[in-house]
Amino acid sequence: MRGLPTVVLLLVIALGQAEARQSRCFARFNLVSGQCEEELATVDEDDCCQNPHYGFIDAAGECQFCGSPVWTDWTPWSKCWNMCGSGVVERTRKCHGLSECSGVQASHEMKPCESDACCPVAKWEVWGDWGPCSVSCGSVPGHRERQRVCSHPTPGCELTCKGPGSETKACESESQPCPVHGGWDHWSGWSPCTDVCIQGPFSEDRLGVYPTRRRDRACSSPAPSTTPVGNDCHGNNEDIQNCSELPNCPVDGGWGAWGPAGACSTSCGQGLKLVIRQCDNPPPQYGGQHCVGNSTKTEICMKPCPVHGVWTGWAEWADCTASCHSNRDSTRSRLRSCSNPAPSSDGNKCLGEGTERLKCDELPNCPVDGAWGKWGDYGDCTVTCGVGQRISLRACDNPAPQHLGEQCLGSSSKAKTCTTNTHCPIDGVWSDWSDWGDCKDRGEPVGCSMRQGSQSRSGSCLGRDFGGKGCPPPAGGGTMFQMRGCYDIHNCNTMPGLGWSEWSEWGVCTRSRDNKMKSLRVRVCEPDLREYSPYNHRGREMSFSGTPKPRCTRSSTDVRELVECIQLPVVHLE
């Protein structure tokens with residue numbers, strides 16, 4: 001039991017290693033297109049995301065952003081999904097980052113629309129003729145089918161024909177019998193082999209001629225009908241097999257060709273040569289007879305006496321072996337022949353060389369093409385945090401190009417991935433403005449009066465980590481803290497109203513209590529704020545805090561309208 005903690009620790013380490021996922025890492029994530037750019041290497045996802053500006057390809061093949069979650073801009077509103085009458089338009093946006101975007105915010109919105117581009121009503125053409133019966137023989141019932149075409153001459157309009165485009169009805173065959181197709185009977189027994197042994201000759205690439213046995217079968221189970229005509233049986237009615245288990249037949253030996261004559265029996269003058277043949281064409285096998293006759297014979301030979309060789313005169317000098325100087329010297333040569341006379345096979349050869357060479361010193365230098373030298377050591381990592389690269393260089397100096405030679409082909413540098421195991425600093429970003437606080441005067445609520453108060457709002461610096469910078473100064477200067485003068489008119493129901501506003505735009509489509517997608521628009525009683533001073537005692541502009549409940553002189557109960565979102569895109573119907 002004392003070894004158990006070590007086993008558990010090793011198991012935890014092994015599981016942690018198994019969970020690490022290798023992914024393609026990129027040096028830049030495009031927040032507009034959502035695409036990864038400038039691929040670095042394939043590394044662990046955690047190592048890649050040590051730099052919050054990087055991106056990686058996840059298991060689904062999608063590019064993911066390593067930084068803090070952020071919404072893209074909304075796409076433009078789409079065209080109305082219905083080409084005639086009421087429908088919806090939609091727009092989308094995406095959240096990029098390693099976690100969900102903060103707040104309850106939608107990634108998809110729809111709102112109602114109206115389209116005047118109505119399509120004409122499509123009409124069915126006349127029914128086509130009934131097709132043939134699906135069966136042509138026997139007693140099993142079949143069916144016939146006919147079709148019709150929906151005409152919609154206006155391109156882009158949806159199909160508006162109602163009802164099926166095809167129909168079927170039952171039918172029967174003409175009461176004629178179906179054809180009977182042939183079937184094979186059982187194979188007969190094997191016949192005796194055509195011979196009692198395997199005929200030769202035999203060699204490594206020839207195994208002899210095998211006797212054979214055969215068997216047959218009849219197309220009679222059942223036999224094909226003649227009226228109506230049935231199909232014959234598929235395949236062969238005869239099967240032939242080699243009798244490979246038989247012994248080889250005896251092979252009588254045969255003489256091979258006469259071999260080359262041997263050496264002459266004398267070193268000079270007339271003598272004899274011995275010629276031999278072998279009993280190997282074929283050799284006797286499997287009890288066959290040996291060759292009949294002699295295996296040797298002799299031939300008369302004449303061997304001349306030795307002749308010693310003498311040189312001819314030197315020939316003219318040949319051209320130089322090259323047109324320019326290179327690492328190897330260019331030379332010219334001249335020849336002479338040991339043929340004046342030539343030595344016999346047992347005569348003495350000429351003394352000295354048959355070839356004479358001279359250097360061609362007057363030639364120009366040859367062009368030298370450049371060749372790459374060895375790769376240098378890899379340099380330091382190009383980054384101090386996250387994933388980067390180490391670079392190795394090589395020079396075109398092995399040799400360097402000379403005398404108008406070609407430069408080296410290929411790259412003079414190569415890179416390999418390096419991981420610093422250090423997370424890059426994450427700079428802080430400002431949050432959105434908070435809601436305006438309560439409107440108060442010296443810490444006391446001002447209520448539904450014309451008493452002037454003040455209220456504030458602020459923003460927070462979020463996301464700073466790993467030694468990153470704080471948030472930059474807000475755009476336009478100042479700080480993320482604001483105060484303003486205010487009147488508190490929230491829920492004030494004694495305030496007079498000027499009249500009812502125009503209807504608002506239709507809102508986005510949301511699911512209502514009856515599980516239908518609906519859109520809302522409203523109109524409100526606009527408050528009469530003319531008696532409120534627009535400036536405080538310091539001359540600063542005043543604001544109104546909250547939503548009042550003024551009383552309009554003309555009563556109206558029609559202040560909100562709901563309309564069902566119809567003709568939704570198919571993907572949003574469920």
Side-chain angles (χ1 to χ4, degrees), residues 17 20-30 33 35-58 61 63-66 314-337 352-425:
Q17 292 174 345
R21 172 179 152 73
Q22 296 283 309
S23 299
R24 295 167 59 196
C25 184
F26 294 78
R28 201 159 67 89
F29 182 88
N30 191 320
S33 66
Q35 298 298 314
C36 288
E37 299 173 352
E38 299 178 20
E39 183 170 359
L40 292 174
T42 298
V43 297
D44 289 346
E45 288 181 3
D46 291 342
D47 290 339
C48 183
C49 283
Q50 289 176 357
N51 191 319
H53 301 291
Y54 284 7
F56 65 92
I57 301 298
D58 63 12
C63 183
Q64 298 294 337
F65 180 43
C66 288
W314 287 103
E316 294 292 331
W317 288 101
D319 293 334
C320 292
T321 55
S323 59
C324 58
H325 275 307
S326 62
N327 292 335
R328 299 179 60 183
D329 291 331
S330 176
T331 60
R332 58 165 58 93
S333 62
R334 64 178 181 175
L335 305 175
R336 61 179 176 175
S337 174
E353 299 295 331
T355 303
E356 186 177 20
R357 289 184 174 84
L358 290 177
K359 289 185 179 180
C360 299
D361 294 329
E362 71 279 8
L363 298 177
N365 291 322
C366 294
V368 178
D369 293 337
W372 290 112
K374 294 182 179 180
W375 286 103
D377 295 335
Y378 280 94
D380 295 334
C381 196
T382 56
V383 296
T384 58
C385 63
V387 177
Q389 293 180 326
R390 297 175 60 197
I391 308 299
S392 173
L393 302 175
R394 59 179 177 176
C396 185
D397 59 359
N398 188 32
Q402 292 180 309
H403 312 304
L404 302 180
E406 296 291 337
Q407 292 288 334
C408 298
L409 298 177
S411 176
S412 62
S413 64
K414 63 180 179 179
K416 67 179 181 181
T417 305
C418 53
T419 302
T420 63
N421 294 320
T422 301
H423 205 294
C424 294

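As the structure is a computational prediction, the values presented were derived from the model and not from experiment.
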Exercise for the section: For the pair Cys366 and Cys324, evaluate disulfide bond (SG atoms under 2.5 Å apart) and give the outcome as yes or no after the intermediate values. Expected result: CA-CA 5 Å; Cys366 294; Cys324 58; 1.7 Å; yes
Exercise for the section: Let me see the working for Thr422 and Thr384 under side chain to side chain contact (heavy atoms under 4.5 Å, CB included), right down to the final yes or no. Expected result: CA-CA 8 Å; Thr422 301; Thr384 58; over 6 Å; no
Problem - Evaluation steps, side chain to side chain contact (heavy atoms under 4.5 Å, CB included), between Asn51 and Val383 - result: CA-CA 10 Å; Asn51 191 319; Val383 296; 5.8 Å; no
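In this structure, the side chains of Tyr378 and Lys414 come closer than 4.5 Å at one or more pairs of heavy atoms. Residues Thr331 and Leu358 are not in side-chain contact: their nearest non-hydrogen atoms beyond the backbone lie 4.5 Å or more apart. In this structure, Arg28 and His53 have side chains that are not in contact, with every pair of non-hydrogen atoms separated by 4.5 Å or more. Side-chain contact check for Glu38 versus Phe26: every heavy-atom pair is 4.5 Å or farther apart. The closest side-chain heavy-atom distance from Phe29 to Cys63 is below 4.5 Å. Between Gln402 and Pro367 there is no side-chain heavy-atom pair separated by less than 4.5 Å.
Under a 3.5 Å cut-off, the side chain of Ser413 and the backbone N or O of Leu393 do not form any donor-acceptor pair. Trp372 places a side-chain N or O within 3.5 Å of a backbone atom of Leu409 that can act as its donor or acceptor partner. Between the side chain of His403 and the main chain of Asn365, no donor-acceptor pair closer than 3.5 Å is present. In terms of modelled atom types and a separation under 3.5 Å, the side chain of Arg394 and the main chain of Ser411 share a donor-acceptor contact. A donor-acceptor pair is defined here as one N or O able to donate and one able to accept, closer than 3.5 Å; such a pair exists between the side chain of Ser330 and the backbone of Ala322. Distance alone, capped at 3.5 Å, places no donor-acceptor pair between the Asp397 side chain and the Pro399 backbone. Counting only distance, with no hydrogens or angles, the side chain of Thr420 and the backbone of Gly386 share a donor-acceptor pair below 3.5 Å.
Nearest heavy-atom pair, Pro401 versus Gly405, reported as atom, atom and distance to 0.1 Å: CB-O, 3.9 Å. The shortest non-hydrogen separation linking Cys408 to Gly370 is SG-C, 3.4 Å. Smallest separation of non-hydrogen atoms from Pro425 and Pro52: O-CG, 3.9 Å. What you find for His423 and Cys49 is that their closest heavy atoms are NE2-O, 3.2 Å. Across all their heavy atoms, Gln50 and Thr419 have their closest contact at OE1-CG2, 4.4 Å. Considering every non-hydrogen atom in both Cys25 and Tyr54, the closest pair reads SG-CD2, 3.7 Å.
Summarising the geometry, atom CG belonging to Asn30 is positioned 4.5 Å from atom CD belonging to Glu37; distances are rounded to the nearest 0.5 Å. How far CG of Leu40 is from SG of Cys48: 7.0 Å, rounded to the nearest 0.5 Å. To the nearest 0.5 Å, the span separating CD on Gln389 from CG on Asp380 amounts to 14.0 Å.
Between the side chains of Glu45 and Ser23, at least one donor-acceptor pair of N or O atoms lies under 3.5 Å. A side-chain donor from one of Gln64 and Asp58 sits under 3.5 Å from a side-chain acceptor of the other.
The 12-atom threshold is not exceeded at NZ of Lys359, counting heavy atoms of other residues, nucleotides or ligands nearer than 6.0 Å. More than 12 heavy atoms of other residues, nucleotides or ligands shown are found within 6.0 angstrom of CG on Asn421.
Under the 2.5 Å cut-off for SG-SG separation, Cys385 and Cys424 qualify: their sulfur atoms lie closer than that.
With Gln22 as reference, Asp44 is the one residue of Thr42, Asp44, Asp47 to meet the side chain to side chain donor-acceptor pair (under 3.5 Å) rule. Checking Arg334, Arg332, Arg336 one by one against Glu356, the salt bridge (Lys or Arg N to Asp or Glu O under 4.0 Å) holds for a single residue, Arg334.
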